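The structure displayed is predicted, hence computed values, not measured ones. The sequence lines fix the lettering, A, B, ..., with proteins before strands; numbering per chain opens at 1.
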Amino acid sequence: MQNRDVASHFEELADLLEIRGANPFRIRAYRSAARSLLAMVESVATIAGDPDRNLQDLPGIGKDLSAKIQTIVDTGRLPQLEELRTEIPAGVLDMLRLPGMGPKKVAVLFGTLELTSLEQVKQAALQGRISELKGFGQKTEQSILKHVDAAVAAGKRTFLATAQPEAEVVRQRLLDLDSVAQAEVAGSCRRRRETVGDLDVLVAADDSQEAMDCLAEHPLVQDVLARGETKQRVRLTSGMEMDLRVVPIASFGAALQYFTGSKEHNIVMRRRAQERGLKLNEYGVFDGDRLVAGATEDAVYRAVDLPWIPPELREDRGEIEAAERDALPTLLQTDDIRGDLHMHTTATDGTASIREMAESAKACGLEYIAITDHSKRVTMANGLDAEQLRAHWREIDRVREDVTGIEILRGIECDILEDATLDLPDDVLAEADWVIAVLHYGLQQPRAQIHKRLLSAIRCPHVSVIGHPSGRLIGRRAGADMDFDEILKAAADHGVMLEINAHPSRLDLDDIRAAAARDRGIPIVINSDAHSPAGLNVMQWGVCQARRAGLTRSDVANAGSLDALRGRMRSK
DNA sequence: GCCGTTTTCGGCCCGACTGTTTTCAGTCG
């Protein structure tokens with residue numbers, strides 16, 4: 001039972017309660033509890049099983065929710081949820097994905113027409129039965145017919161690495177307009193979340209029409225979903241939706257702060273304004289009717305007695321308290337990265353030679369790299385056995401002599417096998433400059449076996465780092481079940497580093513686990529896992545993840561020199 | 001359903017836009 005499993009019970013319960021019209025604050029309590037569970041690294045099951053610990057010490061968890069967590073952990077089920085599920089079929093929740101359809105309207109469709117799936121909603125709309133309902137009309141019915149097919153596929157989030165460049169294209173186009181003074185991408189994209197639901201673009205202009213027309217006619221835009229005086233919502237050809245907001249120049253900072261979010265961060269900010277007798281909204285900070293701040297984000301934060309907070313930290317996970325203490329970290333930047341310690345070549349499943357990868361890395365400004373091809377267990381990637389690996393290393397030695405200006409480490413990405421042994425013998429690993437140990441197979445094994453495997457790798461004196469520690473693939477595959485706090489303790493005890501794998505579909509460690517590793521003094525390594533020269537460019541997304549974790553240059557081992565890196569490796 | 005030097009009740013952030021209303025509820029971010 002992982003924290004995310006418990007959290008998803010509460011999220012589903014909140015959705016169902018919303019359709020039932022329950023007290024909104026009660027619904028919020030369930031969502032906030034889910035959030036709280038997702039924000040911790042320690043397994044909630046461990047706490048629930050420890051008589052000396054109290055679930056009610058967790059933020060947003062009181063008497064009722066702690067009992068519910070205990071039930072879920074003990075039985076894997078939550079009776080209240082199962083009861084609601086029998087009342088409200090799963091297809092009803094799908095209806096929430098239709099634009100303009102919230103819990104109230106879905107409740108009407110379910111309650112009066114007894115519709116229980118998107119397909120049934122479509123049929124009812126085709127028959128004209130929906131426009132006859134009170135509170136519904138022709139436009140609602142047309143909107144349903146227009147969007148119902150897309151809604152079947154909706155709800156998907158897009159990798160930051162895909163979304164951000166699209167948003168940037170639009171931003172640049174808007175910035176070229178005469179009427180536009182400033183343009184920024186806001187929302188989760190600006191916070192550099194690993195995935196983005198929709199895009200928010202903010203523009204400062206005295207006249208909103210030119211910017212809205214420009215977006216409506218942009219080749220990336222497929223449909224205008226809604227358009228008002230200052231706000232426009234469109235669907236891009238990629239399927240992503242984008243909101244454009246146009247605000248006066250004097251309000252741009254407040255609007256940027258507001259639309260960057262997160263919602264949770266903003267709630268605390270507005271409460272803070274209230275406590276000071278002020279009001280904060282997207283137009284500024286107001287003392288009565290008087291505008292106190294609004295043109296810049298910096299001024300908005302100062303108006304509530306805080307320094308500016310980097311967008312990546314704005315999740316209400318302690319950043320406001322840190323800002324109050326003037327203890328915000330100076331976040332890592334992509335330029336700080338001096339080495340890349342995870343990449344593949346044609347020796348296994350890469351597309352470029354050792355030399356090409358080294359030359360490309362040098363052109364990226366890197367000072368050192370590790371060549372880390374797969375070990376033999378990864379047969380589909382043509383993984384290397386001991387003999388092949390030693391030959392590969394000799395080839396690296398030859399390239400070392402030819403290519404100057406960059407250090408090349410002889411590395412290996414060694415599988416941690418299902419039986420908790422390593423895929424290569426100790427004497428081979430001992431000859432490596434850099435060993436990444438990883439889980440590729442058997443990720444569904446029970447927690448105890450996953451722990452056994454990770455601990456055996458951590459205890460092996462030749463292992464430098466655990467690569468993509470959870471093994472998750474974002475949106476496709478959950479990571480292995482583990483109490484990450486226990487893994488952290490072992491890694492800290494044995495001097496093993498942990499990787500943030502920068503590939504957009506991995507970003508593993510995630511931000512929360514990376515921050516927890518930092519708190520235990522474990523050096524973090526951010527690696528591209530490149531399989532081609534172009535793959536080296538994903539480093540920036542790993543840096544985004546590190547920034548969200550609040551990491552500084554000194555927290556990241558490959559943001560230092562190679563000598564410094566060696567100094568932080570445990571002695572072999 | 002949670003929370004608390006205003007604590008066991010009464011709060012819990014704020015505004016734009018849409019569609020269906022005839023002054024506003026629902027949705028969205």
Side-chain angles (χ1 to χ4, degrees), chain A residues 10 13-14 17-19 21-36 55-69 80 95-109 130-144 146-147 154 186-191 193 196-202 208 212 224-234 241-247 251 254-276 278-286 304 316:
Chain A
F10 288 161
L13 193 54
L17 284 171
E18 217 166 12
I19 289 172
N23 176 354
F25 296 106
R26 184 178 164 217
I27 293 161
R28 181 187 295 179
Y30 281 108
R31 295 203 195 283
S32 130
R35 217 178 95 80
S36 182
L55 288 166
Q56 292 188 49
D57 292 338
L58 301 173
I61 309 288
K63 193 174 162 203
D64 182 273
L65 286 179
S66 71
K68 288 194 167 72
I69 291 173
Q80 290 90 339
M95 298 180 200
L96 292 170
R97 295 212 293 264
L98 283 164
M101 296 289 291
K104 295 280 178 5
K105 287 195 166 164
V106 166
V108 172
L109 292 183
I130 287 178
S131 57
E132 294 166 358
L133 294 169
K134 184 174 162 56
F136 293 73
Q138 287 298 330
K139 292 213 173 175
T140 307
E141 197 163 73
Q142 291 311 309
S143 164
I144 287 172
K146 186 171 179 187
H147 297 117
S188 53
C189 196
R190 183 164 182 246
R191 299 202 312 280
R193 285 277 309 265
V196 174
D198 52 17
L199 296 166
D200 299 281
V201 176
L202 189 67
S208 63
M212 301 238 256
V224 176
L225 301 177
R227 177 165 175 164
E229 278 302 300
T230 62
K231 183 177 168 179
Q232 181 172 244
R233 188 167 179 87
V234 299
E241 293 184 5
M242 174 182 278
D243 280 324
L244 172 68
R245 278 297 284 258
V246 186
V247 298
S251 295
L256 184 57
Q257 196 284 324
Y258 178 85
F259 287 109
T260 296
S262 66
K263 190 172 68 180
E264 290 79 9
H265 176 89
N266 285 355
I267 287 172
V268 178
M269 284 289 285
R270 287 192 286 265
R271 206 152 49 209
R272 217 179 145 82
Q274 275 186 339
E275 286 162 9
R276 286 163 175 71
L278 304 170
K279 188 173 74 171
L280 170 60
N281 60 28
E282 62 256 57
Y283 297 107
V285 183
F286 295 88
V304 293
D316 186 26

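Contact of A/Asn23 with B/dG1 (side chain to base): a donor-acceptor pair of N or O atoms is detected under 3.5 Å.
When the side chain to side chain donor-acceptor pair (under 3.5 Å) test is applied to A/Asp198, the partners found at least two apart in sequence or on another chain are A/Arg233. The salt bridge (charged side-chain N to carboxylate O under 4.0 Å, His left out) check on A/Arg31 picks up A/Asp15, A/Glu18, with sequence neighbours excluded. Legend: residues meeting salt bridge (charged side-chain N to carboxylate O under 4.0 Å, His left out) with A/Lys146, ordered by chain and number and at least two apart, are A/Asp223. Residues passing the side chain to side chain contact (heavy atoms under 4.5 Å, CB included) test with A/Leu133, sequence neighbours excluded: A/Val108, A/Leu109, A/Thr112, A/Leu113, A/Phe136. Annotation: side chain to side chain contact (heavy atoms under 4.5 Å, CB included) contacts of A/Ala67 (sequence neighbours excluded): none. Residues passing the ring-ring contact (aromatic ring centres under 6.0 Å, His included) test with A/Tyr30 are A/Phe10, sequence neighbours excluded. Considering only residues two or more places apart in sequence or on other chains, A/Ser143 meets the side chain to side chain contact (heavy atoms under 4.5 Å, CB included) condition with A/His147. For the salt bridge (charged side-chain N to carboxylate O under 4.0 Å, His left out) test, no residue two or more places apart in sequence or in another chain qualifies with A/Lys279. Take A/Arg28 and apply the side chain to side chain donor-acceptor pair (under 3.5 Å) test, not counting sequence neighbours, and it matches no residue.
Closest contact between the side chain of A/Lys139 and the listed nucleotides B/dG1, B/dG19, B/dG29 involves B/dG19. Side-chain atoms of A/Tyr283 lie closest to B/dG15 of the nucleotides B/dG15, B/dC13, B/dG1.
With A/Cys189 as the fixed residue, the side chain to side chain contact (heavy atoms under 4.5 Å, CB included) test singles out one of A/Leu199, A/Asp200, A/Val201: A/Leu199.
Within residues 258-268 of chain A, the residues that have a heavy atom under 4.0 Å from DNA chain B are, in order of number, A/Tyr258, A/Ile267.
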Can A/Gln257 and A/His265 be said to form a side-chain contact (heavy atoms from CB on, under 4.5 Å), step by step? CA-CA 10 Å; A/Gln257 196 284 324; A/His265 176 89; 3.6 Å; yes
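For the OP1/OP2 pair of B/dG29 and a distance below 4.0 Å, the side-chain nitrogens and oxygens of A/Arg233 include at least one atom meeting the criterion. Applying the 4.0 Å criterion to OP1 and OP2 of B/dC13, one finds that A/Arg270 has every side-chain N and O outside that range. Under 4.0 angstrom from either OP1 or OP2 of B/dC2 there lies no side-chain N or O belonging to A/Gln56. Dashed line: the shortest gap from a side-chain N or O of A/Arg245 to OP1 or OP2 of B/dC17 is not under 4.0 Å. Between A/Thr140 and B/dT20 there is a side-chain polar atom (N or O) within less than 4.0 angstrom of OP1 or OP2.
Nucleotide B/dT27 holds its P atom 17 Å from the CG atom of A/Leu225, rounded to whole Å. Spacing between atom CZ of A/Arg28 and atom C1' of B/dG10 amounts to 14 Å, rounded to whole angstrom units. Atoms CD1 (A/Ile130) and P (B/dT20) sit 12 Å apart, rounded to a whole Å. Counting to the nearest Å, the P atom of B/dG29 and the CG atom of A/Leu202 are 16 Å from each other. Rounded to whole angstrom, the span from the CG atom of A/Asp57 across to the P atom of B/dC3 amounts to 10 Å. Atom CZ in A/Arg31 sits about 16 Å away from atom C1' in B/dC2, given to the nearest Å. A/Gln232 has its CD atom 17 Å from the P atom of B/dA16, to the nearest Å. The nearest whole Å value for the distance from the CD atom in A/Gln274 to the P atom in B/dC13 is 7 Å.
Among the heavy atoms of the strands lying under 4.0 Å from A/Lys279 are primed sugar atoms or P, OP1, OP2 only; no base atom is included. No contact: A/Met269 has no heavy atom under 4.0 Å from any strand. Across all strands shown, A/Ile27 has no heavy atoms under 4.0 Å from either base or sugar-phosphate atoms. Within 4.0 Å of A/Leu199, counting heavy atoms only, lies no atom of the nucleic acid at all. Backbone-only contact: A/Thr230 has heavy atoms under 4.0 Å from sugar-phosphate atoms and none from a base.
Place A/Lys231 and A/Asp198 on DNA chain B by their nearest nucleotides, and A/Lys231 ends up nearer the 5' end.
Between the side chain of A/Glu141 and the backbone N or O of A/Ile130 there is at least one donor-acceptor pair closer than 3.5 Å. Using a distance-only test at 3.5 Å, with no hydrogens or angles considered, a donor-acceptor pair links the side chain of A/Arg272 to the main chain of A/Val304.
Atom P of B/dT22 sits at a distance of 14 Å from the matching atom of B/dG26, rounded to the whole Å. For the P atoms, the distance from B/dG1 to B/dT5 is 23 Å, rounded to whole Å. Nucleotides B/dT7 and B/dC12 place their C1' atoms 15 Å apart, quoted to the nearest Å. Atom name C1', nucleotides B/dT20 and B/dG29: the rounded distance is 22 Å, in whole Å. On the P atoms, B/dT6 is 35 Å away from B/dA25, given to the nearest whole Å. To the nearest whole angstrom, the two C1' atoms, one in B/dT8 and one in B/dC2, are 12 Å apart.
Across all strands shown, nothing is found opposite B/dT8 as a Watson-Crick or G-U wobble partner with both distances under 3.5 Å.
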Shorter than 3.5 Å, N or O on both sides, protein versus nucleotides 23-26 of chain B: list them out with atom names.
none

Would you tabulate the nitrogen or oxygen pairs shorter than 3.5 Å linking the protein to nucleotides 7-9 of chain B?
none

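Taking the side chain as every heavy atom from C-beta outward, A/Ile69 and A/Ile61 approach each other to under 4.5 Å.
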